[in-house]
2 protein chains.
Amino acid sequence: MSATLKDIAATTGLSVTQVSRALNDHDDVSAETKARVRDAARALDYRPNLSARRLASGRSGIVGLVLPPEGRTPRDSMVVQMVRGLSAEFSRMGRLFVLHAAEPEEDVVAVHGRLIDGGSLDGFVLIEPVPDDPRIAYLRSRGVPLVLHGRTEDRPNYPFFDLDNREVGRRLTRMLLERGHRRIGFVNGLPEMCYVMRRSEGWQEALREAGVAPAPELQEFGAMSESHGALATLRMMSESGPRPTGLIAGNMLIAKGIYGALSMLGLRVPEDVSVVVHDDQLPGEDLMAMPATSGTRSPLAESWAPLARALIGAIENRPLAELQETGQFEVVERGSVAAPGPEFRTASEPFRA
Amino acid sequence: MSATLKDIAATTGLSVTQVSRALNDHDDVSAETKARVRDAARALDYRPNLSARRLASGRSGIVGLVLPPEGRTPRDSMVVQMVRGLSAEFSRMGRLFVLHAAEPEEDVVAVHGRLIDGGSLDGFVLIEPVPDDPRIAYLRSRGVPLVLHGRTEDRPNYPFFDLDNREVGRRLTRMLLERGHRRIGFVNGLPEMCYVMRRSEGWQEALREAGVAPAPELQEFGAMSESHGALATLRMMSESGPRPTGLIAGNMLIAKGIYGALSMLGLRVPEDVSVVVHDDQLPGEDLMAMPATSGTRSPLAESWAPLARALIGAIENRPLAELQETGQFEVVERGSVAAPGPEFRTASEPFRA
DNA sequence: TTGCCAATCCGAAACGCTTCGGGCAAGCCT
DNA sequence: AGGCTTGCCCGAAGCGTTTCGGATTGGCAA
């Protein structure tokens with residue numbers, strides 16, 4: 001068996017109490033004692049017994065993630081990337097990362113509850129937040145730290161890591177506006193996702209700034225999938241009234257669908273239609289070979305480490321300001337935007353596929 | 001806070017000891033008392049405090065999986081399926097499932113060590129075993145229970161869940177032999193994987209039983225990928241000497257590659273070449289739309305629950321015999337096998353793509 | 001009657017840690 | 001000099017469970 005506090009106390013001549021306090025860096029232990037204790041601990045190859053610590057203190061050193069049930073979850077390659085990213089960062093910080101994959105009939109909130117009082121997890125990473133997310137309310141009511149990937153409101157009072165998605169929407173729209181586009185379609189994600197609505201607001205704001213009234217029929221909500229991208233494009237392009245001359249894709253999968261639909265319609269990018277996309281650089285070989293597309297870019301992969309750090313910060317009671325991070329995105333020009341062709345400036349008859 | 005044993009003891013008028021024993025189904029508690037205690041526990045919504053239980057019993061109730069670093073790992077959709085399966089089963093058994101995604105420069109064996117004494121994990125699931133797997137030796141030397149997905153030898157002395165892969169190889173080969181094929185190619189996986197070699201042995205045995213000498217040039221080892229399937233097929237089909245009339249695919253991805261290569265060569269299935277496959281029903285939409293293929297079938301998805309149960313059994317010191325399970329597979333006929341055409345019965349000149 | 005056994009039960013001691021409430025000097029102030 | 005603060009330390013009481021070693025019955029054989 002491993003050495004215990006008692007062993008260290010014995011070899012250093014201190015009490016168990018003081019050894020514990022020394023190792024936990026309390027402030028009523030002299031620096032010299034702390035050093036002596038640390039040395040002894042190392043020499044004895046001491047490893048704290050997590051169960052004991054947990055039982056006594058309520059803290060466990062374990063953090064968790066409840067994966068939403070199949071279906072309500074992002075694509076597998078993203079899940080794997082996320083799990084890898086979180087796991088790596090947490091283990092770097094000496095925390096155990098437990099993963100609970102919720103089953104379809106399971107109540108996700110209840111799962112958190114069970115994990116808290118069964119295993120006394122110290123905190124949770126919450127992904128895929130929805131407005132008024134019940135998980136947030138529950139965890140706060142139980143006083144359990146959490147961190148959000150994304151956020152549910154502009155200035156929330158919980159730790160999070162997020163992009164400025166309103167700004168993403170604005171920038172994407174402006175990229176098209178600046179080239180003269182006025183009818184700008186937005187193939188967006190599911191409206192219950194917070195970031196989707198933020199981007200939608202950005203789109204509307206940028207349009208209004210440019211004196212264009214956002215047309216509801218030029219925005220399509222749906223899953224972040226290729227088929228949604230394709231179907232939404234077909235719908236927008238075959239509607240009566242003026243067709244969009246520029247399209248915004250919520251992510252690369254949607255962009256892929258857009259490209260498919262456009263080529264089916266015999267429309268070229270950027271000659272006939274301009275396309276911009278927010279690229280979160282999802283892994284997946286099917287996205288490797290995509291036409292170069294202008295837009296915003298912000299690798300999702302870079303959000304896991306900050307997310308993990310924010311959670312640990314929250315557990316350690318650091319001030320909220322340190323725990324709220326807004327990720328950067330870049331704006332990239334890759335030639336998928338051109339000025340709208342003259343024939344697209346005015347209404348033309350509906351296009352039929 | 002949640003109810004404790006003490007609360008149950010108070011309401012039932014029993015001692016904490018007896019309540020504990022009742023709930024754990026010890027045999028010196030009367031059936032009537034057990035029932036009473038169970039009712040009280042339910043009424044109070046009692047949940048055992050895992051930390052206390054662990055502290056007292058020396059176990060942590062936490063099991064782990066170290067995911068091999070990126071690259072040495074199966075495709076993402078399988079990883080997710082596995083994680084979901086294991087997580088669900090473990091949480092059903094009241095265990096926490098911690099996942100550590102190893103990074104490329106990390107020593108996987110050392111990681112297990114750190115997890116054991118940092119988190120006092122109770123046991124590990126080991127996937128992707130290789131012959132003489134160092135993880136097995138290490139965990140055994142530290143006395144930590146483990147369970148293998150697969151195995152490194154025929155009758156190992158550790159818990160495992162595996163198919164009879166030798167039999168899989170035999171059956172696949174026989175499906176072709178029975179229809180009259182004699183030159184049977186095997187597009188197999190990586191030779192360092194144990195199951196790959198077992199299937200290879202099965203192939204050889206079945207051939208020998210039928211009086212056919214296994215030709216080394218008719219077996220190709222490589223990653224379980226579409227491109228390996230395609231390239232191996234092209235190589236076998238364009239070699240001088242008699243070409244195979246039947247092909248065995250190690251899994252569906254390989255089969256997909258085989259189909260691609262065959263159609264490139266203008267060869268039809270089953271008229272020109274027969275194909276059989278071992279289908280572990282990997283998820284992934286790219287495999288949904290595959291030509292119907294005869295062969296063996298055994299859903300990988302069904303292995304996670306038994307795997308988890310075996311690990312828990314090992315932790316609870318159950319006899320080894322209960323912890324070694326060989327999964328079933330079925331043999332399915334789906335019309336991709338026919339008798340070899342006469343022109344293939346004898347040597348023909350090498351085929352050039 | 002006595003002794004013994006099986007069937008039930010219980011008290012108390014762990015398990016290793018944190019933390020509350022103090023104690024004891026040494027140094028400062030007034 | 002007395003009283004206060006400050007710095008460092010300790011004993012002991014938990015945390016909720018398991019488990020060891022008895023204790024208490026009633027029944028049954030000797």
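Letters go in sequence order (proteins before strands), and every chain restarts at 1.
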Whether A:T152 side chain and A:V130 backbone form a donor-acceptor pair below 3.5 Å: no

query: Of the nucleotides D:dT18, D:dT17, C:dC17, which has the atom closest to the B:T4 side chain?
result: D:dT17

Backbone of A:F160 reached by a side-chain donor or acceptor of A:E325 within 3.5 Å: no

Atom-pair distance (CD1 on A:I8; P on D:dC9), nearest Å: 15 Å

- prompt: Between D:dT19 atom P and B:R59 atom CZ, what is the distance in whole Å?
  reply: 8 Å

task: Take the protein atom CG of A:N49 and the nucleotide atom P of C:dC15, then report the distance between them rounded to whole Å.
output: 11 Å

message: Check A:D39 with A:R42, please: is the shortest side-chain N to carboxylate O separation under 4.0 Å?
response: yes

message: For A:V16 and A:A56, find the nucleotide of DNA chain D closest to each by heavy atoms; which residue's nucleotide sits nearer the 5' end?
response: A:V16

Terminal helix-axis angle for the helix from C:dT1-D:dA30 to C:dT30-D:dA1, with five pairs defining each axis and rounding to 10 degrees: 60°

message: Assess whether a salt bridge exists between B:R114 and B:E106, defined as any Lys/Arg side-chain N lying under 4.0 Å from an Asp/Glu carboxylate O.
response: yes

- prompt: How close or far is atom P of D:dG16 from atom CG of B:L50, stated in whole angstroms?
  reply: 13 Å

field: Distance, rounded to the nearest Å, where B:L55 contributes CG and D:dT17 contributes C1'
entry: 8 Å

field: Distance, rounded to the nearest Å, where B:D7 contributes CG and D:dC15 contributes C1'
entry: 14 Å

task: Go through B:Y138 and B:R142 one step at a time and tell me if the side-chain hydrogen bond (donor to acceptor under 3.5 Å, both in side chains) criterion holds.
output: CA-CA 6 Å; B:Y138 178 72; B:R142 296 210 44 178; 3.1 Å; yes

query: Between A:H112 and A:V108, is there a donor-acceptor pair closer than 3.5 Å when you use the side chain of the first and the backbone of the second?
result: yes

- prompt: Over how many whole Å does the gap from A:R21 atom CZ to D:dC9 atom P extend?
  reply: 11 Å

message: At less than 3.5 Å, do the side-chain atoms of B:T17 and the base atoms of D:dT19 form a donor-acceptor pair?
response: yes

- prompt: If we only count heavy atoms from C-beta on, is the A:L23 to A:I8 side-chain gap below 4.5 Å?
  reply: yes

- request: Starting from P on D:dT24, measure out to CG on B:D28 and report it in whole angstrom.
  value: 17 Å

